[in-house]
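Below, each value reflects all heavy atoms present in this structure, side chains not excepted, and no hydrogens, waters or symmetry copies. First the proteins, then the strands, lettered A, B, ... as listed; each starts at 1.
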2 protein chains.
Amino acid sequence: MEQKPKLADVALLAEVSTATASQVLRGTGRISESTRKKVLAASKKLNYVRDGRAASMRSGENREIGFAVHQIANPFNAEVISGVSDLLETEGYLVSVLDSRDDTARQRRNLEAFIQSLRGGLLWVPAENTDDATYELLMAHGIPTVSFLRRFGKGRFDHVGIENADAIASATRHLVDLGHRRFAYLGGTAGFGVRVERIEGLRKALAELGLPPPVIWDCSDDKVSGLNEISSLRNAHPEVSGIICNGDMVAIGACSGLIRMGMTPGKELSIIGFDDVEDAAIATPPLTTLAVSPYQLGRKLARVALDRINDPAMPTAVSLVPAELTVRATTGPISG
Amino acid sequence: MEQKPKLADVALLAEVSTATASQVLRGTGRISESTRKKVLAASKKLNYVRDGRAASMRSGENREIGFAVHQIANPFNAEVISGVSDLLETEGYLVSVLDSRDDTARQRRNLEAFIQSLRGGLLWVPAENTDDATYELLMAHGIPTVSFLRRFGKGRFDHVGIENADAIASATRHLVDLGHRRFAYLGGTAGFGVRVERIEGLRKALAELGLPPPVIWDCSDDKVSGLNEISSLRNAHPEVSGIICNGDMVAIGACSGLIRMGMTPGKELSIIGFDDVEDAAIATPPLTTLAVSPYQLGRKLARVALDRINDPAMPTAVSLVPAELTVRATTGPISG
DNA sequence: GACTCACGGTATAACGTTATACCATAAATC
DNA sequence: GATTTATGGTATAACGTTATACCGTGAGTC
């Protein structure tokens, strides 16, 4: 196989200068139709692909966007990714995903390597307990960055997230209407954005209704944890009948756990998830949840990123999208 | 904020040449301890991060690896990704993920953009119906590539996959021992690697036992499809009692479907999945499946890629890892 | 004291693009 | 016919690294 063709090879074959070839391929519109054709033919014949590194270095443009998530396995994130890339791809960007697995050290390594290639932008779900230094790192290197879901500090980056407090308030009202009086919040680990806001919302909603504060029960946001933790929670707090979960996966796990314990979600205990991932509707029983459309959320995120890239001087902003209570089978009137 | 510092700035501050600064930062070991310290101090003080584009362009090295998958949402893939990046990160590589969503057009766009930045390597689960041109594209640009799971042509790229035929044979024997005589293969769409090999394996295993050929029932590899298709399959082929699925997700969906229809997986019908994703063990009922450790598979994949990168001249090879029958609750003796 | 040699530093030319400024030529204007 | 003005092409200098080849200096050898 021959050497990788470069612009000079194309120019040579088309009998023009590299400057001309470059203009044709970039479509500046300054080149006559006849030479345009020659160059395009030559490029095609040689199977030319430009070296994006060189191009980006010279032009200062880079149409690659990174999406650094805390957990690639999370189906919610997977749907967000679809929304993000559908929008960005139509604008000619390439979206690639980095996974920190909520490990700050891994996240740090990933971001350091990412920064080196000076890509066009970064969408970022910060890992839990991300330290200031990592934020400084990103700030210092001036890559347009949008934080997502988990917010840190204020006004440092653009942010796209969920109206957590409002959502939780509507879930609480729903359960209270069904007769529930004692609540727990299940899932998530201490200290990070969404969970803090949600618990705060729950506390406030209960206080306003004159009800006792909720039990807070930490665990990771996956099915297995939900399955395991629900029995401990039940044993420790038998008075609790309304459970609001940090995510659908924990909620689904918790429902499986209840079934294993011989109970029925929506009868002895009511459970509400968060997100409305695809599985929520087809779980047995179908899960009552706070629905945010992850796909639409992804599109919103992409839009914010594009705006930032196109106008880096704009003041940073926070966009919150609402979550809507979707009642299915895991909530019901209190029994006994 | 000042301009982004470059190597020249570091060299200036350390009072050495850029050549020296470069050598220090790369650790060639040719520079005296005293100047080494000066340079490192200057670099730290300026918060210098090298421009990876320029470095890669000049040196021809690029420690970024792309992993192009057909479906990022698939939990199996998510676990593979963990294995891949755990191994590659220890070798100083950055792994980023591209999602084709099994759409050949999107895959094409992604790969074209990917190639432009001339990264260090590509791990690739080809989308279904990937055309020759896309393979040519990758061949032509000489990026070390390893295909994964889905094989195409022969010997063009290194390949890492699963011993599909053997696995299916053991699943078949298990079901036959339980008394099942009529089989179906559920899930996957026509014409691609793993499915072809598995169906072939099933055909052969049944033929050797003197049993009738299997029913082939196509559908996408997700829960919803499994849930929906199982009833049509049941109606169309009431004689079938042993179902082998293309993946755990379809299998779990099919089990949910059976339950909705008032049946019990492992009684009227036996169902076997493939992969052993995390959900398989905690599904209700727990799923009998052909277990491949996706994490270990990922490490194997990464290993093969590294070997290829380190020795591009080596002849291409195919590595197959076995899948092990893991009996849980969705298979049982034939009833009636 | 002339010769070799290792050591540690540097000047310089790449890598493959694109932005800029410039220069022909032909057409248009008076 | 001289002057302006589009039009379409090109030479050249960046972008920020690293590989190569080179060159002092001082120590070691005979």
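- Results of the side chain to side chain donor-acceptor pair (under 3.5 Å) test with B:Gln107 over B:Thr134, B:Thr130, B:Asp99, B:Asp131 single out B:Thr130 as the only residue that passes.
- Contacts between residues 40-56 of chain A and DNA chain C, defined by a heavy-atom separation under 4.0 Å, are made by A:Tyr48, A:Arg50, A:Asp51, A:Ala54, A:Ala55.
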Item to check | salt bridge (Lys or Arg N to Asp or Glu O under 4.0 Å) assessment of B:Arg58 paired with B:Asp51 | outcome: CA-CA 11 Å; B:Arg58 176 64 237 249; B:Asp51 185 328; over 6 Å; no
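- Spacing between atom CG of A:Leu25 and atom P of C:dT17 amounts to 9 Å, rounded to whole angstrom units.
- Ion pairing of B:Glu33 with B:Arg36 is present here, as a side-chain N (NZ or NE/NH1/NH2) and a carboxylate O approach within less than 4.0 Å.
- Residue B:Thr20 has no polar side-chain atom (N or O) positioned under 4.0 Å from OP1 or OP2 of C:dG9.
- C:dG16 atom C1' lies 11 Å from atom CG of A:Asp9, rounded to whole Å.
- Although no hydrogens or angles enter the test, the distance criterion places no donor-acceptor pair under 3.5 Å between the side chain of A:Asp158 and the main chain of A:Ala305.
- Rounded to an integer number of Å, the gap from CZ of B:Arg63 to C1' of D:dT17 is 17 Å.
- Each of A:Arg30 and B:Val16 lies near DNA chain C, and the nucleotide nearest B:Val16 is the one positioned closer to the 5' end.
- Taking 4.0 angstrom as the limit, B:Ser22 places a side-chain polar atom (N or O) nearer than this to OP1 or OP2 of D:dT18.
- Rounded to the nearest 0.5 Å, atoms CG (B:Leu138) and CG (B:Leu122) are 6.0 Å apart.
- Counting to the nearest Å, the P atom of D:dT10 and the CD1 atom of A:Ile31 are 8 Å from each other.
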Under 3.5 Å between N/O atoms: give me all the protein pairs with nucleotides 12-14 of chain C, atom names plus distance.
{"from": "C:dA14", "atom 1": "N3", "to": "B:Arg58", "atom 2": "NH1", "distance (Å)": "3.1"}

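- Nucleic acid contact for B:Ser32: sugar-phosphate only, since backbone atoms but no base atoms lie under 4.0 Å from a heavy atom of the residue.
- Counting heavy atoms from C-beta outward, A:Leu40 and A:Leu25 have side chains that approach closer than 4.5 Å.
- Contact between the side-chain N/O atoms of B:Thr35 and the OP1/OP2 oxygens of C:dG9 is found at a separation under 4.0 Å.
- A:Asp103 and A:Arg101 are not joined by a salt bridge, as no carboxylate oxygen comes within less than 4.0 angstrom of a charged side-chain nitrogen.
- Looking at heavy-atom distances under 4.0 Å, A:Ser59 makes contact with sugar-phosphate atoms alone, never a base.
- Taken from CZ in B:Arg30 to OG1 in B:Thr20, the straight-line distance is 9.0 Å, to the nearest 0.5 Å.
- Atom C1' of nucleotide C:dG16 and atom CG of A:Leu12 are separated by 15 Å, given to the nearest angstrom.
- One finds a salt bridge joining B:Glu89 and A:Arg109 here, because a Lys/Arg side-chain nitrogen approaches an Asp/Glu carboxylate oxygen to under 4.0 Å.
- When the side-chain nitrogen and oxygen atoms of B:Ser17 are compared with OP1 and OP2 of C:dT10, one or more of them lie within a distance under 4.0 Å.
- A salt bridge between A:Asp9 and A:Lys4 is absent, with no side-chain N of the basic residue lying under 4.0 Å from a carboxylate O of the acidic one.
- With axes fitted over five pairs at each extremity, the angle between the ends of the helix from C:dG1-D:dC30 to C:dC30-D:dG1 is 40° (10° resolution).
- Whole-Å rounding puts the B:Leu7 CG to D:dT18 P distance at 7 Å.
- Here D:dT20 presents its P atom at 11 Å from CD of B:Gln23, a figure rounded to the nearest Å.
- Within the 6.0 Å centre-distance limit, the rings of A:Tyr135 and A:Trp124 are counted as a close aromatic pair.
- With respect to the salt-bridge test (charged N to carboxylate O, under 4.0 angstrom), the residues A:Arg150 and A:Glu128 qualify.
- Between the CZ atom of A:Arg26 and the P atom of D:dT10 there is a distance of 14 Å, given to the nearest Å.
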